[in-house]
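First up is the structure itself, then whatever we jot down about it.
On a predicted model such as this, the values are computed, not experimentally measured, just so you know. Below, each value reflects all heavy atoms present in this structure, side chains not excepted, and no hydrogens, waters or symmetry copies.
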Amino acid sequence: MFLIDLPCVSDSLERSLAASRSPVVATAAARRLLAGAAVNWIEEDQAAARLAGAAPPRLHTNSENALGWLAERLPRSELQRWAGLCKDKLRFREATRPLHPELEFRGLGLAELDGLDLARLPMPFVIKPAAGFFSLGVHRVRSPEAWPAARDALRAELAAARRLFPRSVFDAERLIVEQVIDGAEVAVDADLDDRGEPVVLNI
């Protein structure tokens, strides 16, 4: 099943949806983005019921904006639990703490920025939204002297993002501070097969 949301749908995705006849959840955003396309629509209530009863549920999406639908329609589902765990950087760090117990991190609220005790933080550190994307609000702080400028820039970016994105995609109220990990950053795109084994699609 496919959950399509803003901002866009590529021509190749539209062709694939029409050719495969895979169910596409009939949200207002999907109908607008796929207007005139010969896709196999499934109504939202029916889609939610099917996903709730599937073992395992299989859902693909083109956008993180679709997480809002998942949180609203299937708030206590395994899909929502796993999506939330992967999306929320603080929850992810807590879940993977046994793998890297030496990694220092902590969560904090937006209101705590002014009273932040830098002496209790690893230096340098990275501060960023607990749930975010596009690297919005991500700041590397190399010294105590660099903190005031980073804090002010962070506040401005969070205020702008709050107006642009739903909270399920970008949480402008909760932050994570973590020590800098030196080295190259590698992004791995993967899917899960029918046995739940990861299949790497792109690195």
Would you check if [X] and [Y] make a side-chain contact, meaning some heavy-atom pair closer than 4.5 Å?
X      : Y      : value
Leu113 : Ile127 : yes
Ile203 : Val186 : yes
Met123 : Pro144 : yes
Trp147 : Leu118 : yes
Val25  : Trp41  : no
Glu14  : Ile4   : no
Gln179 : Leu121 : no
Asp191 : Pro198 : no

Please indicate whether [X] has more than 12 foreign heavy atoms, meaning atoms of other residues, nucleotides or ligands, lying under 6.0 Å from its [atom1].
X      : atom1 : result
Phe92  : CZ    : no
His60  : NE2   : yes
Glu185 : CD    : no
Arg120 : CZ    : no

Run Thr27 and Asp5 through side-chain contact (heavy atoms from CB on, under 4.5 Å) and show every step you take. CA-CA 8 Å; Thr27 63; Asp5 211 320; 5.7 Å; no
Honestly curious: do [X] and [Y] fall in one hydrophobic cluster under the side-chain, below-4.5 Å linking rule?
X      : Y      : result
Ile42  : Leu17  : no
Ile176 : Val141 : no
Phe125 : Leu110 : yes
Val177 : Leu90  : no
Trp69  : Trp82  : no

Can you see which heavy atom on [X] is nearest to which on [Y], and at what distance?
X      : Y      : value
Pro23  : Arg50  : CG-NH1, 3.7 Å
Glu44  : Ala26  : OE2-O, 3.7 Å
Pro129 : Leu158 : CG-CD2, 3.8 Å

Has [X] got a side-chain atom pairing as donor or acceptor with [Y]'s backbone, closer than 3.5 angstrom?
X      : Y     : result
Thr96  : Leu99 : no
Asn65  : Leu6  : yes
Lys128 : Lys89 : no
Gln80  : Leu74 : no
Asn62  : Cys8  : yes

Enter the distance from [X]:[atom1] to [Y]:[atom2] here, rounded to the nearest 0.5 Å.
X      : Y      : atom1 : atom2 : result
Glu72  : Leu67  : CD    : CG    : 13.0 Å
Met1   : Ser22  : CE    : OG    : 10.0 Å
Glu112 : Asp117 : CD    : CG    : 11.5 Å
Ser20  : Arg15  : OG    : CZ    : 13.0 Å
Glu173 : Leu108 : CD    : CG    : 11.5 Å

- Query: So Arg97 and Glu104, salt bridge (charged side-chain N to carboxylate O under 4.0 Å, His left out) or not? Walk me through it.
  - Reply: CA-CA 9 Å; Arg97 188 194 300 267; Glu104 292 185 55; over 6 Å; no
Inset, instruction - Mind running salt bridge (charged side-chain N to carboxylate O under 4.0 Å, His left out) on Arg93 and Asp88 for me, showing each step along the way? - result: CA-CA 9 Å; Arg93 282 283 182 232; Asp88 189 313; over 6 Å; no
Whether Glu178 and Arg140 form a salt bridge (side-chain N of Lys/Arg under 4.0 Å from carboxylate O of Asp/Glu) is what I want to check.
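No, this pair does not count.
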Query raised in the report: Any Lys/Arg nitrogen of Asp171 or Lys87 sitting under 4.0 Å from an Asp/Glu carboxylate oxygen of the other?
Result: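 No salt bridge links Asp171 with Lys87.
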Check against side-chain contact (heavy atoms from CB on, under 4.5 Å), Glu157 and His139:
CA-CA 11 Å; Glu157 291 169 22; His139 290 271; 3.2 Å; yes
- Message: Assess, by modelled atom type and distance only, whether the side chains of Ser63 and Thr61 contain a donor and an acceptor separated by less than 3.5 Å.
- Response: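 There is no such pair between these side chains.
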(Q) Walk me through whether Leu59 and Leu70 qualify under side-chain contact (heavy atoms from CB on, under 4.5 Å). (A) CA-CA 10 Å; Leu59 182 67; Leu70 198 60; 4.1 Å; yes
* Could you check Leu175 against Leu154 for side-chain contact (heavy atoms from CB on, under 4.5 Å), going step by step and ending with a plain yes or no? => CA-CA 10 Å; Leu175 306 167; Leu154 173 62; 4.2 Å; yes
